[in-house]
Novice: 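Before anything else, here's the structure in question.
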Amino acid sequence: MASNSKVITCRAAVAYGPGQPLVVEQVQVDPPQKMEVRIKILFTSICHTDLSAWKGESEAQRAYPRILGHEASGVVESVGEGVIDMKEGDHVVPIFNGECGDCIYCKSSKKTNLCGKFRVNPFKSVMNSDGKVRFRNKDGIPIYHFLNTSTFSDYTVVDSACLVKIDPHAPLDKMTLLSCGVSTGLGAAWNTADVQTGETVAVFGLGAVGLAVVEGARTRGASKIIGVDINPEKRIKGEAIGITDFINPKEIDVPVHEKIREMTEGGVHYSFECAGNMEVLREAFLCTHDGWGMAIVLGIHPTPTLLSLHPMELFDGRRIVASVFGDFKGKSQLPLFAKQCMAGVVKLDEFITHRLPFEKINEAFQLLIDGKSLRCLLHL
């Protein structure tokens with residue numbers, strides 16, 4: 001049995017259909033089952049993955065009613081049977097890409113950060129242990145889960161493999177960013193690309209993930225960090241974090257990859273596609289230097305459109321890879337990353353552009369849609 005076996009009634013923002021305003025209402029949250037944890041969410045935020053799911057841009061995201069959200073921080077309220085690495089009151093960060101620690105993937109050391117049981121899965125809408133949900137609305141209708149987390153609720157239940165215990169002195173508001181955006185972008189620069197001092201980087205799309213890439217490249221000593229975005233206002237925020245050059249594709253009369261090759265004597269060492277656009281991804285691939293360039297895919301691509309890439313183009317030595325959660329192993333590596341953020345190695349303040357009470361969650365979505373926010377922090 002859980003350490004607290006009572007059903008909790010609390011607020012949640014429920015999605016009842018694609019593009020419909022979220023309904024903030026009372027829901028019931030069941031106790032955690034075996035190897036599950038129920039947590040009190042203190043802060044949550046919205047990223048483009050939530051926005052894509054809210055719009056219902058792919059069939060995998062059309063399970064309703066549903067509680068979205070996957071960037072958050074909070075404290076443990078109760079633990080289910082078998083959970084020994086966390087207890088009531090611990091400060092935690094939920095992660096959408098879990099780590100069980102026992103499967104062949106988790107034991108693969110540096111080969112992958114995926115998990116056989118708890119990897120990110122947009123089709124998954126129930127709990128692992130019994131295939132059921134832990135949420136119901138006031139009419140008793142089951143409410144589906146989202147990305148192993150469902151953080152748009154005062155309380156949520158997650159598998160223990162998808163929860164990271166962090167330093168109790170870490171500022172929980174800022175630690176929210178480690179659930180997705182900052183870890184994904186910065187980790188792509190640190191872990192996937194392993195950017196070295198003096199190397200060159202191009203970042204396509206200067207949202208929160210793209211700017212986290214910029215921050216990662218800056219801390220590694222990249223000599224040139226080129227930001228690419230069609231929104232001219234992104235230049236100011238980009239320069240504040242660390243871009244050395246800015247390109248607005250609408251303001252040049254040549255393809256972006258040609259401009260970048262001209263600026264970097266043949267191309268950058270690494271490019272990062274953070275826009276979720278297939279044409280942008282091709283430009284990101286072509287802007288890397290032949291012989292050693294690598295393009296890293298970070299943007300969410302919900303459409304079935306395929307990448308236009310001929311196999312012979314790979315014989316020029318350019319590579320293309322994708323990065324999930326910045327190649328961080330969540331439970332084993334995120335606690336150290338949190339300590340690095342506390343020590344000031346990474347600047348987190350620049351990413352929180354707005355703060356709102358949870359009841360104004362639909363306003364927070366609109367800020368992201370309008371391109372006015374990087375992360376709007378919702379406090380519960």
Side-chain angles (χ1 to χ4, degrees), residues 1-8 12 14-15 27-41 44 49-50 53 58-74 76-88 90 92-108 112-137 141-153 155-165 179-180 183 324-325 328-334:
M1 295 292 291
S3 57
N4 183 347
S5 58
K6 296 180 180 179
V7 172
I8 289 178
V14 183
V27 301
Q28 292 184 320
V29 185
D30 290 337
Q33 301 303 304
K34 185 176 181 179
M35 297 305 295
E36 296 175 358
V37 181
R38 186 163 61 185
I39 61 176
K40 164 62 177 168
I41 299 294
T44 188
T49 304
D50 299 309
S58 71
E59 287 190 20
Q61 300 164 336
R62 296 174 194 159
Y64 301 105
R66 197 172 200 178
I67 295 177
L68 303 175
H70 66 288
E71 274 194 351
S73 61
V76 173
E77 181 271 338
S78 56
V79 299
E81 177 189 346
V83 178
I84 60 174
D85 61 335
M86 279 170 280
K87 65 183 184 304
E88 181 180 342
D90 282 344
V92 290
V93 170
I95 51 174
F96 63 87
N97 191 54
E99 181 185 356
C100 73
D102 297 321
C103 68
I104 59 172
Y105 298 92
C106 289
K107 292 180 178 179
S108 67
T112 182
N113 70 332
L114 298 179
C115 174
K117 296 180 180 178
F118 300 102
R119 70 175 65 184
V120 56
N121 180 1
F123 290 93
K124 181 181 175 183
S125 57
V126 295
M127 299 301 292
N128 261 44
S129 62
D130 57 8
K132 298 179 180 179
V133 301
R134 302 290 179 262
F135 301 108
R136 296 182 306 279
N137 68 10
I141 297 173
I143 300 175
Y144 292 109
H145 295 253
F146 176 67
L147 287 186
N148 293 323
T149 48
S150 291
T151 64
F152 293 166
S153 175
Y155 290 87
T156 189
V157 176
V158 302
D159 292 288
S160 62
C162 298
L163 199 60
V164 179
K165 179 180 175 180
S179 274
C180 179
S183 297
V324 175
F325 199 51
F328 276 117
K329 284 181 175 286
K331 286 182 75 73
S332 56
Q333 295 181 333
L334 222 58

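Treat the numbers as computed from the prediction; the structure is a model and nothing was measured.
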Novice: Any sub-3.5 Å donor-acceptor pair from Arg38's side-chain atoms to Val29's backbone N or O?
Specialist: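 Yes, because the side chain of Arg38 sits within donor-acceptor range (under 3.5 Å) of the backbone of Val29.
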Novice: Looking at every non-hydrogen atom in both residues, tell me the closest pair between Cys106 and Glu99 and how far apart they are.
Specialist: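 Heavy atoms of Cys106 and Glu99 come nearest at SG-CG, 3.8 Å.
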Novice: Closer than 4.0 angstrom, basic N to acidic O: yes or no for Lys40 and Glu77?
Specialist: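 Not counted as a salt bridge, because no side-chain N and carboxylate O are separated by less than 4.0 Å.
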Novice: Out of curiosity, Ile143 CD1 to Ser153 OG, how far, rounded to the nearest 0.5 Å?
Specialist: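 One finds 8.5 Å between CD1 of Ile143 and OG of Ser153.
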Novice: Would you check if Ile67 and Thr156 make a side-chain contact, meaning some heavy-atom pair closer than 4.5 Å?
Specialist: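 SC-SC contact between Ile67 and Thr156 ruled out.
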Novice: Taking all non-hydrogen atoms of both residues into account, name the closest pair between Val157 and Asp30 and its distance.
Specialist: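 What the structure gives for the nearest pair is CG2-O, 3.3 Å.
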Novice: To check you understand the geometry: which heavy-atom pair defines the closest contact between Lys132 and Val126, and what is its length?
Specialist: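 In this case the closest contact between Lys132 and Val126 is O-CB, 3.6 Å.
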Novice: If I take atom CD1 from residue Ile95 and atom SG from residue Cys115, how far apart are they, to the nearest 0.5 angstrom?
Specialist: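 Going from CD1 on Ile95 over to SG on Cys115, the span is 9.0 Å.
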Novice: Nearest 0.5 angstrom please: Ile8 CD1 to Gln28 CD, how far?
Specialist: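 Going from the CD1 atom of Ile8 to the CD atom of Gln28 covers 11.0 Å.
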Novice: So, taking the atom named CG in Asn128 and the one named NZ in Lys117, what distance separates them when rounded to the nearest 0.5 Å?
Specialist: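 Result: 8.0 Å between the selected atoms.
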Novice: I'd like to know whether Val14 forms a side-chain contact (heavy atoms from CB on, under 4.5 Å) with Phe135, so could you lay out the CA-CA distance, the side-chain angles of the two residues, the decisive distance to 0.1 Å, and finally the verdict.
Specialist: CA-CA 10 Å; Val14 183; Phe135 301 108; over 6 Å; no
Novice: Would you call the rings of Phe96 and His70 parallel, tilted or perpendicular, where under 30° means parallel and over 60° means perpendicular?
Specialist: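 Answer is perpendicular, since the angle exceeds 60°.
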Novice: For the backbone of Glu71 and the side chain of Thr44, can you confirm whether one donor and one acceptor N or O come within less than 3.5 Å of each other?
Specialist: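 Such a contact is found between Thr44 side chain and Glu71 backbone.
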Novice: Quick one: do Lys331 and Asp85 make a salt bridge, cutoff under 4.0 Å?
Specialist: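 Yes, charged N to carboxylate O under 4.0 Å.
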Novice: Considering residues, nucleotides and ligands other than Lys34, do more than 12 of their heavy atoms fall under 6.0 Å from its NZ?
Specialist: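 It does not: Lys34 NZ has 12 such atoms or fewer within range.
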Novice: Taking the side chain as C-beta and beyond, is there a heavy-atom pair between Pro31 and Val7 under 4.5 Å?
Specialist: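 Result yes, sub-4.5 Å side-chain heavy-atom pair found.
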Novice: Considering non-hydrogen atoms only, spot the tightest contact between Cys103 and Gly116 and give its length.
Specialist: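 Shortest heavy-atom contact: SG-N, 3.2 Å.
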Novice: Below 4.5 Å, heavy atoms only, C-beta onward: do Met127 and Glu36 meet side chain to side chain?
Specialist: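 Counting from C-beta outward, Met127 and Glu36 do come under 4.5 Å.
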Novice: Taking the side chain as C-beta and beyond, is there a heavy-atom pair between Val27 and Tyr155 under 4.5 Å?
Specialist: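 Not in contact.
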Novice: Measure from the side-chain N and O atoms of Ser125 to the backbone N and O of Tyr144, and report whether any donor-acceptor pair falls under 3.5 Å.
Specialist: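 Checking the backbone N and O of Tyr144 against the side chain of Ser125, no donor-acceptor pair under 3.5 Å is found.
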Novice: Could you check whether any side-chain N or O of Asn148 sits under 3.5 Å from a backbone N or O of Asp159, counting only pairs where one atom can act as donor and the other as acceptor?
Specialist: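 No, the answer is negative, given that no donor and acceptor are paired below the 3.5 Å cut-off.
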Novice: What distance do Glu88 atom CD and Ile39 atom CD1 have between them, rounded to the nearest 0.5 Å?
Specialist: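 Spacing of CD (Glu88) from CD1 (Ile39) equals 13.5 Å.
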Novice: Can you tell me how far apart CZ (Arg119) and CG (Asn121) are? Round to the nearest 0.5 Å.
Specialist: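 So the gap between those two atoms works out to 9.0 Å.
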Novice: If we ignore hydrogens and angles and just use 3.5 Å, is the side chain of Ser179 paired with the main-chain N or O of Ala72 as donor and acceptor?
Specialist: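 Yes, Ser179 side chain to Ala72 backbone: donor-acceptor pair under 3.5 Å.
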Novice: In sequence, state the C-alpha distance, the side-chain angles, and the governing distance for Phe328 and Asn97, and then conclude on side-chain contact (heavy atoms from CB on, under 4.5 Å).
Specialist: CA-CA 9 Å; Phe328 276 117; Asn97 191 54; over 6 Å; no
Novice: When you measure from the side chain of Ser183 to the backbone of Phe325, do you find a donor-acceptor pair of N or O atoms at a distance under 3.5 Å?
Specialist: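 No, Ser183 side chain to Phe325 backbone: no donor-acceptor pair under 3.5 Å.
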Novice: Looking at Met35, is its backbone amide N or carbonyl O close enough to the side chain of Ser160 to form a donor-acceptor pair, meaning the two atoms are under 3.5 Å apart?
Specialist: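 Side chain of Ser160 to backbone of Met35, a donor-acceptor pair under 3.5 Å: yes, one is there.
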Novice: Might you point out which heavy atoms bring Cys162 and Gly98 nearest each other, and give the distance in Å?
Specialist: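 Nearest pair, atom of Cys162 first, then Gly98: SG-CA, 3.9 Å.
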Novice: Quick one: does Arg136's side chain have a donor or acceptor within less than 3.5 Å of a partner on Ile141's backbone?
Specialist: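 No, because the side chain of Arg136 does not come within donor-acceptor range (under 3.5 Å) of the backbone of Ile141.
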Novice: Assess the residue pair Lys124 and Phe118 against the criterion (side-chain contact (heavy atoms from CB on, under 4.5 Å)); give the C-alpha distance rounded to whole Å, side-chain angles, the decisive distance to 0.1 Å, and a yes or no.
Specialist: CA-CA 10 Å; Lys124 181 181 175 183; Phe118 300 102; 4.1 Å; yes
Novice: Which heavy atom of Val133 sits nearest a heavy atom of Pro142, and at what distance?
Specialist: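 Minimum heavy-atom separation between Val133 and Pro142: CG2-CB, 3.7 Å.
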Novice: Between Thr149 (side chain) and Leu147 (backbone), is there a donor-acceptor pair under 3.5 Å?
Specialist: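 Yes.
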Novice: Please check if the side chain of Asn113 supplies one atom and the backbone of Val324 the other of a donor-acceptor pair under 3.5 Å.
Specialist: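 Yes: the side chain of Asn113 pairs with the backbone of Val324.
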Novice: With a 4.5 Å heavy-atom cut-off, do Lys165 and Lys87 have their side chains touching?
Specialist: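 Heavy-atom side-chain distance check passes, below 4.5 Å.
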